[in-house]
J.: 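Here it is: the structure, laid out below.
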Amino acid sequence: MVDEKLTLTFAALADPTRRGMLAALTSGEKPISELARPYQMTLAGAAKHVAILARAGLIERRKVGRQNICRLNAGNLKEANDWLAQWQRFWNGRLDALEQALKEELNQ
């Protein structure tokens with residue numbers, strides 16, 4: 001289940017438009033029409049992006065009259081960040097070892 005959630009999260013984040021929509025939602029709830037505006041796309045096109053973000057659990061939608069209002073749900077982003085943190089530790093360890101090896105080489 002966690003792997004599937006991560007797959008959906010990273011697939012959703014792979015698109016720059018969807019990343020931009022998520023960034024726009026950091027300042028609060030917005031209707032899909034407002035999320036679409038910077039990208040000069042149709043409401044239907046924006047709704048497809050929103051559906052992918054919702055399927056990944058990155059946003060929540062609710063209907064208010066004729067509008068779909070979206071809000072950020074950052075919980076799955078934390079899971080993705082936690083998964084990426086293991087690789088950050090790995091690369092930090094590798095870079096620390098490289099730094100140590102270079103220092104030793106220079107001191108010889």
Side-chain angles (χ1 to χ4, degrees):
M1 179 68 172
V2 171
D3 284 341
E4 182 180 341
K5 285 172 65 174
L6 280 174
T7 298
L8 290 172
T9 298
F10 285 123
L13 294 174
D15 185 273
T17 300
R18 291 190 288 270
R19 291 192 305 268
M21 288 178 166
L22 285 177
L25 291 171
T26 61
S27 63
E29 295 183 340
K30 294 189 177 19
I32 293 177
S33 59
E34 192 173 330
L35 294 174
R37 192 172 299 128
Y39 305 102
Q40 299 178 349
M41 66 174 53
T42 65
L43 194 56
K48 288 180 182 180
H49 284 291
V50 165
I52 292 168
L53 291 168
R55 192 171 327 123
L58 299 174
I59 66 169
E60 295 176 357
R61 295 177 287 188
R62 63 184 171 85
K63 199 94 157 136
V64 176
R66 293 178 38 186
Q67 287 189 322
N68 280 292
I69 306 297
C70 302
R71 77 177 180 97
L72 184 64
N73 180 15
N76 283 359
L77 287 174
K78 182 184 179 331
E79 289 180 18
N81 186 60
D82 292 347
W83 185 85
L84 288 169
Q86 70 181 324
W87 298 106
Q88 181 179 5
R89 289 187 300 274
F90 168 79
W91 283 111
N92 284 343
R94 298 290 294 229
L95 291 172
D96 290 345
L98 175 61
E99 179 183 30
Q100 185 61 38
L102 290 172
K103 285 179 181 177
E104 290 172 7
E105 183 71 26
L106 289 173
N107 289 332
Q108 290 184 0

J.: Begin with the C-alpha distance, continue with both residues' side-chain angles, and end with the deciding distance and a verdict on side chain to side chain contact (heavy atoms under 4.5 Å, CB included) for Leu84 and Phe10.
T.: CA-CA 11 Å; Leu84 288 169; Phe10 285 123; 4.1 Å; yes
J.: With sequence neighbours excluded, what pairs up with Asn76 under the side-chain contact (heavy atoms from CB on, under 4.5 Å) test?
T.: Lys5, Thr9, Leu58, Glu79
J.: Name all residues meeting the salt bridge (charged side-chain N to carboxylate O under 4.0 Å, His left out) criterion together with Arg37; count only those two or more places apart in sequence or in a different chain, and write none if there are none.
T.: none
J.: Does any N or O in the side chain of Asn68 come within less than 3.5 Å of the main-chain N or O of Arg61, such that one atom is a donor and the other an acceptor?
T.: no
J.: Find the distance between CD1 (Ile59) and CG (Leu22) and round it off to the nearest 0.5 Å.
T.: 7.0 Å
J.: For Glu34, give me all partners under salt bridge (charged side-chain N to carboxylate O under 4.0 Å, His left out), at least two apart in sequence or on another chain.
T.: none
J.: Which pairs with one or both residues in residues 28-76 pass ring pair (Phe, Tyr, Trp, His ring centres under 6.0 Å), sequence neighbours excluded?
T.: none
J.: For Ala36, what residues pass the side-chain contact (heavy atoms from CB on, under 4.5 Å) criterion, not counting sequence neighbours?
T.: Met41, Ala46
J.: Can you list the residues that meet the side chain to side chain donor-acceptor pair (under 3.5 Å) rule with Arg71, with sequence neighbours excluded?
T.: Glu60
J.: Give the other cluster members for Val64, using side-chain heavy-atom distances under 4.5 Å between Ile, Leu, Val, Met, Phe, Trp and Tyr residues; answer none if it is isolated.
T.: Ile69
J.: Going by salt bridge (charged side-chain N to carboxylate O under 4.0 Å, His left out), name the pairs with one or both residues in residues 8-26, residues two or more places apart or in two chains.
T.: none
J.: When clusters are formed from ILVMFWY side-chain contacts under 4.5 Å, directly or step by step, what else is grouped with Leu8?
T.: none
J.: With sequence neighbours left out, write down each residue that passes salt bridge (charged side-chain N to carboxylate O under 4.0 Å, His left out) with Lys78, or none if nothing qualifies.
T.: Asp82
J.: Can you list the residues that meet the salt bridge (charged side-chain N to carboxylate O under 4.0 Å, His left out) rule with Arg62, with sequence neighbours excluded?
T.: Glu29
J.: With rounding to the nearest 0.5 angstrom, report the CD to CG distance, Gln67 to Leu43.
T.: 9.5 Å
J.: In Å and rounded to the nearest 0.5 Å, what is the CG to CG distance from Asn73 to Leu53?
T.: 11.0 Å
J.: Linking I/L/V/M/F/W/Y whenever their side-chain heavy atoms sit closer than 4.5 Å, directly or via other members, would Val50 and Leu25 fall into one cluster?
T.: yes
J.: Check Leu72 against Thr26 and note the closest heavy-atom contact, atom names and distance.
T.: CD2-CG2, 4.0 Å
J.: Using the side-chain contact (heavy atoms from CB on, under 4.5 Å) criterion, which residues pair with Ala24? Sequence neighbours excluded.
T.: Lys30, Leu35
J.: If you round to the nearest 0.5 Å, how far is CD1 of Ile32 from SG of Cys70?
T.: 4.5 Å
J.: Leu77 and Ile52: same hydrophobic cluster, using ILVMFWY side-chain contacts below 4.5 Å?
T.: no
